[in-house]
Structure formats: structure tokens, C-alpha cells
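Along the sequence shown, residues carry numbers from 1. Every number for a ligand or one of its atoms is a count from 1 in the order of the listing.
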Amino acid sequence: MSGSMLILSGPSGCGKSSLISKILKKENAYFSISTTTRDIRSGEKNGINYYYVSREEFEKDIQEGNFLEWAEVHNNYYGTSIKPVIKALQENKLVIFDIDVQGHNIIKEKFPLLTTSVFITTPNQKELEKRLLNRNTDTKEDIQNRLKNAKEEMQRANEYEFFIINDDFNKAFSELKKIIEVAKLKKPLKFINDFSSNW
Ligand code: 5GP
């Protein structure tokens with residue numbers, strides 16, 4: 001496998017999806033489409049944003065070992081399927097993940113040399129709340145839940161290699177582009193070991 005992995009985490013509503021959409025137009029990258037049990041939002045499409053399944057289907061996938069990682073976030077399951085990620089890595093692609101802090105830890109542990117991690121956030125809590133309200137996709141209770149979760153996630157931003165404050169979209173995008181150039185330079189352990197033995 002010679003591709004690389006870019007993990008983006010950060011509070012729901014911080015702008016990760018918009019940044020990823022723009023990156024995908026310019027890079028030979030594969031976005032890891034997660035599977036979730038949460039309800040589909042208006043504007044989202046099954047197979048584009050997520051694969052939307054029931055809790056029973058998700059639990060069956062866990063039992064069958066189909067996930068590279070999975071977690072329970074905001075009372076719903078979210079998981080990354082193994083097969084498409086391995087295929088994209090074999091095709092030498094940059095694999096982009098939009099996953100939470102729990103998923104980040106698992107993938108970093110499994111692929112330490114291939115992973116580049118970025119935590120993205122808004123300048124402050126008020127701005128996040130404003131964006132969640134403007135998005136108009138979640139109930140009041142859901143927004144409160146997401147804000148609470150965001151405060152907890154922020155405490156773990158120091159576990160990431162890079163930190164982006166998404167105040168100005170173009171600036172955040174240009175920072176992310178630079179990080180991607182570094183991410184693509186990472187080499188898998190097997191490559192380094194094989195190279196060293198043949199050197
Ligand atoms: P949302 O419901 O706003 O789309 O996502 C909620 C949270 O779940 C976000 O923090 C997002 O990064 C995270 N998430 C999405 N997919 C996955 C996944 O496959 N695994 C993990 N661990 N987290 C995920």
C-alpha cells in the first residue's frame with residue numbers, strides 16, 4: 001500500500017465538509033464514506049455523504065468485522081468500512097476521513113506512519129452555535145448535544161499534528177492544501193523496511 005491518510009476531526013458544523021468538497025475537486029483523493037445510524041439530513045445523499053443504515057445492520061457489520069473503526073457519537077453509530085480504504089491505498093490515493101477523536105486514535109494506532117491528522121474548529125463556541133443554527137438541519141436538542149460534544153472534543157485538539165481555525169474559508173483551505181502536500185510524502189512502514197533491507 002502506498003497511499004496516505006488524512007484525518008480531519010473537529011466539531012460538527014466547523015466547515016470540514018465544505019473544505020473536503022473543495023479538496024476532492026483538486027486532488028487524487030478518496031473520501032472515506034462512513035456508515036451511520038443517524039437520520040439523513042435534507043441535502044444529504046445516501047452513498048455520497050454517508051451510508052445510512054439501521055442499528056441492527058450496523059451491529060451486524062461490527063460483528064462481521066467490516067469496520068476499520070467505529071464509535072458512538074451524539075447517540076448514533078458511525079463507522080469506517082475497511083475494504084474501500086484498503087483499495088484506495090493500493091491505488092496510491094490520499095484517503096480523507098471525517099471522523100471523531102475516538103476514530104482518530106484507532107486509525108493513528110493502526111497506521112502510525114501513514115496518518116496525518118488535522119483538528120479543525122471555529123474561532124469560538126458562539127460562532128459554532130451560529131453556524132449550527134444557520135444550517136437549519138438539527139433540532140434544538142440536537143444542537144445542544146453537538147455543542148456539549150464540541151466542548152469535549154476541543155479538549156483533545158492537542159492530540160493532532162495540525163490545528164486549523166476556520167474563520168476565513170480561503171485561508172483555512174490554503175492551510176489544508178499545504179498539510180496535504182506533507183501528508184502525501186509519508187511512506188508506509190513496509191516500504192521503508194523493504195527499502196532498508198535492499199539498500
Ligand atoms: P455528523 O452527524 O455531523 O455528520 O457527524 C458527527 C460526528 O461524527 C463528526 O464529528 C464526524 O467527524 C464523526 N464521524 C463521522 N463519520 C465517522 C466515522 O466513520 N467514525 C467516527 N469515529 N466518527 C465519525
For [atom], what is the closest protein heavy atom, and at what distance to 0.1 Å?
atom: atom 20 (N) of ligand 1; result: E69 OE2, 2.7 Å
atom: atom 22 (N) of ligand 1; result: D100 OD1, 2.7 Å
atom: atom 10 (O) of ligand 1; result: K16 NZ, 3.7 Å
atom: atom 14 (N) of ligand 1; result: D98 O, 3.6 Å
atom: atom 7 (C) of ligand 1; result: V73 CG1, 3.9 Å
atom: atom 4 (O) of ligand 1; result: Y50 OH, 2.5 Å
atom: atom 19 (O) of ligand 1; result: S34 OG, 2.7 Å

Looking at [X], which atoms of ligand 1 are within less than 4.0 Å of one of its heavy atoms?
X: A71; value: 22 (N)
X: G103; value: 22 (N)
X: G79; value: 18 (C), 19 (O)
X: R38; value: 1 (P), 2 (O), 4 (O)

Ion pair check, [X] and [Y], cut-off under 4.0 Å:
X: K126; Y: E129; result: yes
X: R156; Y: E159; result: yes
X: E181; Y: K186; result: no

Any N or O of [X] that comes nearer than 3.5 Å to an N or O of ligand 1?
X: H74; value: no
X: Y78; value: yes
X: S12; value: yes
X: R135; value: no

Counting heavy atoms under 4.0 Å, the part of Q102 that contacts ligand 1 is neither

Counting heavy atoms only, which part of R41 comes closer than 4.0 Å to ligand 1: side chain, backbone, both or neither?
side chain

Can you tell me if [X] and [Y] form a side-chain donor-acceptor pair at under 3.5 Å?
X: H74; Y: D142; answer: no
X: E44; Y: Y52; answer: yes
X: Y160; Y: S9; answer: yes

Show your working on salt bridge (Lys or Arg N to Asp or Glu O under 4.0 Å) between K87 and E91 and close with a plain yes or no.
CA-CA 6 Å; K87 183 169 174 283; E91 289 168 356; 3.1 Å; yes

Same apolar cluster: I164 and I23, side chain cutoff 4.5 Å:
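I164 clusters together with I23.
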
Among residues two or more places apart or on two chains, list those pairs meeting side chain to side chain donor-acceptor pair (under 3.5 Å) that have a residue in residues 188-199.
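Output for this query lists K190-D194.
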
Sequence neighbours left out, what pairs pass side chain to side chain donor-acceptor pair (under 3.5 Å) with at least one residue falling in residues 14-32?
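Matches after skipping sequence neighbours: K16-D98, E27-K184.
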
Going through the distances and angles, do E127 and K130 end up as a salt bridge (Lys or Arg N to Asp or Glu O under 4.0 Å)?
CA-CA 5 Å; E127 179 61 27; K130 201 172 101 193; 3.5 Å; yes

Heavy-atom contact under 4.0 Å between R146 and ligand 1?
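Right, R146 reaches ligand 1.
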
